[in-house]
Amino acid sequence: MRQRHEFHVDSTRYLDDHGKPLGELPPQAEQTERTLAAYRNMVLTRAFDTKTIALQRTGKCGTYPSVLGHEVIGTAIGQSLASTDVFVPYYRDQATHILRGVSLTELLLYWGGDERGSAWKHCPEDLPISVPIATQCCHAVGVASAFRIRGEARAVVCCVGDGGTSKGDFLESINLAGAWHLPVVFVVINNQWAISTPRTVQSSAETIAQKAIGAGLPGHVVDGNDYFAVTETMDQALARAHGGKGASVIEAVTYRLGDHTTADDATRYRSAEELKKAWERDGLKRLQNYLHNTGLWDPEQEKRLQSECKEAVDRAVEAYLATEPEPPTAMVDYLFETVPMALQAQRERIADKYRARTGQGGAA
Amino acid sequence: MRQRHEFHVDSTRYLDDHGKPLGELPPQAEQTERTLAAYRNMVLTRAFDTKTIALQRTGKCGTYPSVLGHEVIGTAIGQSLASTDVFVPYYRDQATHILRGVSLTELLLYWGGDERGSAWKHCPEDLPISVPIATQCCHAVGVASAFRIRGEARAVVCCVGDGGTSKGDFLESINLAGAWHLPVVFVVINNQWAISTPRTVQSSAETIAQKAIGAGLPGHVVDGNDYFAVTETMDQALARAHGGKGASVIEAVTYRLGDHTTADDATRYRSAEELKKAWERDGLKRLQNYLHNTGLWDPEQEKRLQSECKEAVDRAVEAYLATEPEPPTAMVDYLFETVPMALQAQRERIADKYRARTGQGGAA
Amino acid sequence: MNASAQKAVARSSASEVKDITLVEAVNMALAWEMAHDESVVVLGEDIATNGGVFRATVGLKERFGYKRVMDTPLAENLIAGATIGMAVQGLKPVAEFQFMGFIYAGMEQMVSHAARMRNRTRGRLHCPLVYRAPFGGGIHAPEHHSESTEALFAHVPGLRVVIPSSPQRAYGLLLAAIRNPDPVVFLEPKRIYRAVTQSVTDNGDALPLDTCFTLREGDDVTLISWGASIMETLQAADKLTEQGISAEVIDVATVSPLDRETLLCSVAKTGRAVIVHEACRSGGVGAEIAASIAEAAFLDLQAPVVRVTGYDTIMPYYRNEQAYLPQVDDIVEAVEQVIAL
Amino acid sequence: MNASAQKAVARSSASEVKDITLVEAVNMALAWEMAHDESVVVLGEDIATNGGVFRATVGLKERFGYKRVMDTPLAENLIAGATIGMAVQGLKPVAEFQFMGFIYAGMEQMVSHAARMRNRTRGRLHCPLVYRAPFGGGIHAPEHHSESTEALFAHVPGLRVVIPSSPQRAYGLLLAAIRNPDPVVFLEPKRIYRAVTQSVTDNGDALPLDTCFTLREGDDVTLISWGASIMETLQAADKLTEQGISAEVIDVATVSPLDRETLLCSVAKTGRAVIVHEACRSGGVGAEIAASIAEAAFLDLQAPVVRVTGYDTIMPYYRNEQAYLPQVDDIVEAVEQVIAL
Ligand SMILES: Cc1ncc(C[n+]2csc(CCOP(=O)(O)OP(=O)(O)O)c2C)c(N)n1
Ligand SMILES: Cc1ncc(C[n+]2csc(CCOP(=O)(O)OP(=O)(O)O)c2C)c(N)n1
Ligand SMILES: [Mg+2]
Ligand SMILES: [Mg+2]
């Protein structure tokens with residue numbers, strides 16, 4: 001006697017590689033202001049990215065992970081999130097952070113080796129950048145649990161890379177999200193690579209979205225270079241979460257157009273042709289084409305936007321470079337709410353050495 | 001534009017609760033000797049289980065996890081495995097261990113607090129009992145990798161409980177098994193409970209087998225109280241593994257008829273009715289009915305088997321109780337291949353204390 | 001809700017004085033704090049319906065509801081990490097690891113996130129959480145159920161590691177741990193979960209963290225211990241008294257950050273120290289204490305600081321576990337040695 | 001296979017003498033042993049095609065094939081555990097953790113299985129494996145990329161923890177670690193991966209494990225260190241020589257199990273010891289060394305054993321990391337103090 005249990009995941013796409021609609025667009029396409037704001041954020045993100053890489057190359061910033069190729073996804077996420085929601089990032093979510101109100105200067109401080117880069121003034125409940133892969137997924141379900149416990153109609157969006165979906169944290173967390181019916185949306189940013197490891201080495205699953213099935217959750221694949229597809233999917237998943245209908249997993253398919261970080265050299269492990277092909281699918285250019293084609297954007301506006309973005313980035317860089325490092329005593333001051341007895345002698349030693357080196361008394 | 005990716009898992013059952021075939025039986029049902037051997041192993045396993053619980057109750061054994069309700073699954077696994085394969089158990093696989101040639105005395109020593117219980121003479125490559133939940137899944141893929149690396153046509157069977165499928169180890173390991181196309185079969189023994197935690201609290205997935213989908217593996221559900229269903233599924237999965245066709249995940253559905261361990265009291269968290277219903281589906285009784293119905297077994301044979309099993313168990317208990325504890329210096333002697341310098345003084349102290357306590361010099 | 005659950009819960013009405021065991025004190029502290037602070041939640045494997053395998057959380061689900069008392073799927077990494085997510089949201093989660101031997105899967109979350117959240121966000125977010133785990137050997141348990149690896153957590157800056165050794169201290173220190181705005185690893189010596197009862201007032205009074213407790217004053221030697229070994233240490237002190245040796249007994253209680261002042265004051269008086277712990281010797285918390293005393297009290301010491309500990313090997317299965325655990329006679333012998341010098 | 005990969009591989013033909021860096025020595029040892037023992041396999045994230053993010057495994061896949069040089073999915077727990085499965089099968093797997101900051105997910109497998117397999121099966125199975133990880137700060141890296149938590153592993157019975165501090169010792173100790181039939185945590189000080197070159201003979205000669213290396217003899221004080229801090233320690237010894245202080249410098253190399261004999265012999269001669277390590281002070285390996293010396297050399301010591309270490313806090317992001325790391329002057333100052341006593 002046999003019985004069959006069936007499952008599926010759908011994938012969505014609205015625009016072709018040139019920005020031409022493949023059919024009817026989702027209702028989000030009528031929100032012109034939102035679409036234009038999205039485009040502006042993508043351009044700003046890319047300008048920031050280019051500049052930060054340049055800073056790193058000239059020794060003015062630390063190792064930095066380029067967001068090139070992720071702008072559409074990050075922007076759509078940032079727009080879909082309510083300000084009362086909580087965003088749980090990984091480390092390549094610059095586009096979303098900017099929409100959440102993290103300042104460019106704060107982002108630079110973080111990658112420039114200064115803890116104050118995570119002391120965001122805006123969206124103070126958002127989690128900081130998470131470097132240990134996939135660990136943030138567990139925090140996301142914890143935050144969503146807090147909402148459920150308190151009966152708040154808020155939701156969480158958690159980002160993770162394709163590589164991160166091999167790690168227990170992701171798999172355990174989506175399972176809990178299903179079991180506890182939590183208001184959380186997991187967005188897997190499948191950029192085809194985890195440093196040098198291609199998507200196919202991570203898993204023989206045809207899609208990453210199908211990992212949702214084992215957690216009892218709906219999974220969706222979406223073209224991550226298609227602003228309307230990502231936006232519609234995010235809006236629906238968040239509506240579901242806000243409406244108490246539970247969690248979802250979205251696989252947003254894109255391509256990491258840059259090196260893994262400024263410490264990486266991607267030519268070691270992937271071909272120029274592959275990269276060239278990926279550029280043809282670039283989501284920023286695709287949306288730009290769409291906007292041009294529909295008359296919502298013109299070269300003049302583009303020029304103005306480019307220079308506005310450049311200025312914004314330059315201002316941020318200036319502020320970043322002008323920020324004095326913290327006195328080293330800060331390394332002890334934020335460990336606990338108050339400095340414990342056991343650490344006070346060490347704190348004094350740090351302060352003494354700092355004074356001796358700089359002549360400054362501020363650290364005491 | 002939408003695209004749909006479809007997946008499924010099948011579930012199999014051949015015998016009804018009373019041992020009556022629900023339709024055509026698989027070819028394995030014609031292997032009468034194998035079926036009878038299976039039945040004998042189930043009865044022996046149950047006799048061992050009953051006796052060990054009694055030993056624990058009288059202070060002659062440590063905390064012990066009853067195998068009641070798992071006999072069919074464990075037996076079918078033990079029969080399907082080739083002697084050159086490697087078995088990677090969890091801690092409730094007595095039925096399989098016995099078929100692998102682990103002696104009842106060794107099993108008693110393990111649960112009786114003596115490390116020599118894992119120094120099996122037979123099947124020396126099988127992994128020892130694994131207490132930390134699901135951790136053994138990672139070992140299983142490691143062993144299977146060794147086979148692949150050396151080009152050996154051997155396979156691995158790894159058992160894990162339903163509770164264990166929530167832990168990263170299981171999920172990471174099935175993913176690797178898919179990605180590396182490894183000769184390994186994961187058997188999830190879904191006995192509905194993880195101590196007091198019901199299956200529904202572990203996951204909202206309808207089946208556990210569907211977790212295979214996210215790893216790109218085939219998943220099967222099988223009635224774990226149906227000897228023919230488990231045997232057929234195991235044979236097929238192992239043939240697949242031996243034939244270089246890759247891994248599979250089998251969810252064998254049964255019920256933990258006893259307390260979690262002798263330290264547990266299941267009446268705290270589950271109802272007498274539920275337990276009573278589960279007993280009606282007992283796989284040992286079901287196979288017995290089938291054998292009686294088909295004339296392969298009679299009360300006389302049953303009586304003889306029961307007394308043989310009792311004797312075998314009694315002999316093992318005697319040997320176990322007669323086994324002197326190891327000298328405590330053993331705690332140091334097997335830590336590394338040779339006792340490092342740094343441990344020699346500690347070893348001497350252990351030996352001195354032992355000598356002082358027992359007057360025995362053997363430990364030196 | 002069964003009878004014993006009701007009894008346990010019934011306990012936490014105000015200012016009752018009860019003769020209770022250490023594990024009952026844990027239950028009482030949880031119940032008190034949950035009743036008085038609705039941001040306190042508890043989670044773990046088998047802690048809700050079953051009340052925990054050691055019954056530490058019995059009755060809480062019935063009293064405070066399943067939303068605040070959560071049975072989790074079986075995944076320690078997830079428990080450690082989800083707890084962090086709850087904590088940054090202002091809840092005060094208390095997560096149970098069923099045994100210390102199963103806490104390691106949670107290490108990454110503890111080390112890389114719980115311990116660092118406040119520091120890396122410069123105070124924007126912080127983690128008022130407690131990770132509870134029963135620990136230690138001597139209860140005839142199976143493999144992996146007898147670990148004493150407090151030193152692993154004590155070496156992680158940003159974590160507090162707190163270990164009660166009596167019902168009273170279990171009650172007061174757990175309350176303090178829950179109220180503390182930073183992460184606390186709270187290790188409960190299961191060998192003495194039910195060893196003694198003590199009269200404890202259920203009035204919500206916390207005890208101070210980061211402080212040693214001097215259990216007995218003495219002049220000739222300072223005995224330093226924590227957790228279940230406090231029992232043998234006190235018994236050794238009794239024996240020593242009979243021999244005319246006056247031992248001061250200190251329960252370290254918070255093994256990190258360490259209250260060196262109390263220890264050094266005592267050694268300044270006695271000139272001798274013996275440290276007793278169940279964990280293996282090398283790299284145990286005893287090493288830090290011995291190193292600190294030997295450095296800071298160099299001129300006070302009349303004998304080397306000696307450690308009476310478990311051996312540098314794996315806790316044997318239970319037939320031989322007593323041969324591993326430090327015994328009263330080992331402590332007495334060590335004291336005799338340092339006194340002889 | 002690109003040019004630099006070919007170069008690296010070309011190196012391991014017999015008995016060549018090469019000027020190489022520490023990370024090149026790691027590569028050379030791996031290549032030698034893979035060429036001479038086909039049971040040696042390597043695995044990790046980005047170690048095959050990419051040759052490792054620090055290029056430690058460059059060229060190995062091209063030379064030994066993808067079956068023996070395996071890029072894994074991104075899961076450290078899995079890496080730690082699958083390595084155990086390979087090892088019990090008689091392979092000699094060498095697994096790379098990309099940074100020590102990401103090793104913690106593997107702790108459960110290391111503590112509960114790798115370290116115990118031989119003991120719990122009474123020798124039936126054992127784990128001839130190596131867990132490699134770059135560790136330590138000072139390279140301007142992002143968060144979580146600068147950890148020195150060797151003490152966590154040193155406290156786990158059944159694990160060896162080995163730390164090379166020169167190209168020669170990296171080569172000889174890694175060979176010894178691979179050949180050793182028990183699990184070795186092999187920590188590579190990435191701050192000095194390329195700091196110096198040294199002439200190393202590629203002849204497959206291993207160095208002994210469980211042994212300290214005396215790098216410089218001296219009479220007035222024993223400087224004890226390991227890993228990258230050996231650099232500052234040697235520089236401090238130079239400075240001290242200028243001041244007329246003769247320092248013996250010992251590289252501990254195997255921080256567990258510990259070669260106390262070498263350390264104690266030296267202290268018996270010098271009467272003074274200063275321990276230098278980058279890890280935070282409390283519960284660091286320095287604590288065990290200090291406690292051991294203070295106990296066993298009580299009568300030899302003319303001054304307390306002093307530790308120069310990182311602070312008991314989280315390694316700051318890179319703008320302030322130098323304020324965390326022990327500096328040459330800190331060591332000199334500590335020696336001056338103990339000499340003054
Ligand atoms: C637990 C852990 N292991 C390893 C690393 C090192 N590492 C940093 S990024 C990365 C690849 C991540 O790939 P993916 O998840 O696909 O995200 P992407 O970088 O492609 O956006 C690795 C291995 C890490 N940060 N954390
Ligand atoms: C990592 C880990 N966490 C917790 C435990 C304690 N524990 C022992 S058995 C068990 C439940 C396991 O349930 P399941 O996997 O369904 O197997 P079953 O016992 O039902 O056969 C738990 C939580 C453990 N042994 N290991
Ligand atoms: Mg990626
Ligand atoms: Mg179960």
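What you are looking at is a predicted structure, and each value in this text was computed from that prediction instead of being measured. Below, chains carry the letters A, B, ... as their sequence lines are ordered, and counting in each starts from 1.
Rounding to the nearest 0.5 Å places OG of A:S166 at 10.5 Å from CD of D:E76. One distance of note links CZ of D:R319 with OG1 of A:T323; it measures 6.0 Å at 0.5 Å rounding.
Of the atoms belonging to D:D330, heavy atoms from both backbone and side chain fall under 4.5 Å from chain A. If you measure heavy-atom distances from A:R270 to chain D, you find no contacts under 4.5 Å at all. With a 4.5 Å cut-off on non-hydrogen atoms, D:S282 does not touch chain A at all. Both the backbone and the side chain of D:Y324 come within contact range of chain A, each with at least one heavy atom under 4.5 Å from a heavy atom of that chain. Residue D:Q98 touches chain A through its side chain alone, counting heavy-atom pairs closer than 4.5 Å. Contacts between A:L171 and chain D at a heavy-atom distance below 4.5 Å are absent for every atom of the residue. Both the backbone and the side chain of A:I195 have a heavy atom closer than 4.5 Å to some heavy atom of chain D. With a 4.5 angstrom heavy-atom cutoff, D:Y311 touches chain A via backbone and side-chain atoms both.
With contacts defined as side-chain heavy-atom distances shorter than 4.5 Å, the pair A:E326/D:N320 qualifies. Using a 4.5 Å heavy-atom cutoff, the side chains of D:L78 and A:K167 are not in contact. A:M331 is not listed as a side-chain neighbour of D:E321, based on a closest heavy-atom distance of 4.5 Å or more.
Minimum heavy-atom separation, A:Y269 to D:N50: CD2-OD1, 3.5 Å. Shortest non-hydrogen contact noted between A:S118 and D:Y317 is OG-OH, 4.4 Å. Contact record, D:P142 with A:W111: CB-CZ3, 4.4 Å, taken as the closest heavy-atom pair. Taking each heavy atom of A:Q202 and D:L74 in turn, the nearest pair found is OE1-N, 3.1 Å.
Among A:G161, A:A330, A:G112, the residue making the largest number of heavy-atom pairs under 4.5 Å with chain D is A:G112. For the set A:P132, A:A134, A:G164, A:G62, the count of heavy-atom pairs under 4.5 angstrom toward chain D peaks at A:P132. Note on D:R281, D:H140, D:E143, D:E45: by heavy-atom pairs under 4.5 Å with chain A, the leading option is D:E143. Ranked by non-hydrogen atom pairs under 4.5 Å with chain D, the options A:D264, A:T63, A:D114, A:T165 are led by A:D114.
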Evaluate A:R357 against D:Q322 for side chain to side chain contact (heavy atoms under 4.5 Å, CB included), listing each step before the verdict. CA-CA 12 Å; A:R357 180 159 58 82; D:Q322 289 304 325; over 6 Å; no

Using side-chain hydrogen bond (donor to acceptor under 3.5 Å, both in side chains), reason through A:S196 and D:D46 one step at a time and then give a plain yes or no. CA-CA 6 Å; A:S196 74; D:D46 307 295; 2.7 Å; yes

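Checked by atom type, the side-chain pair A:Q346/D:D312 shows a donor-acceptor distance below 3.5 Å.
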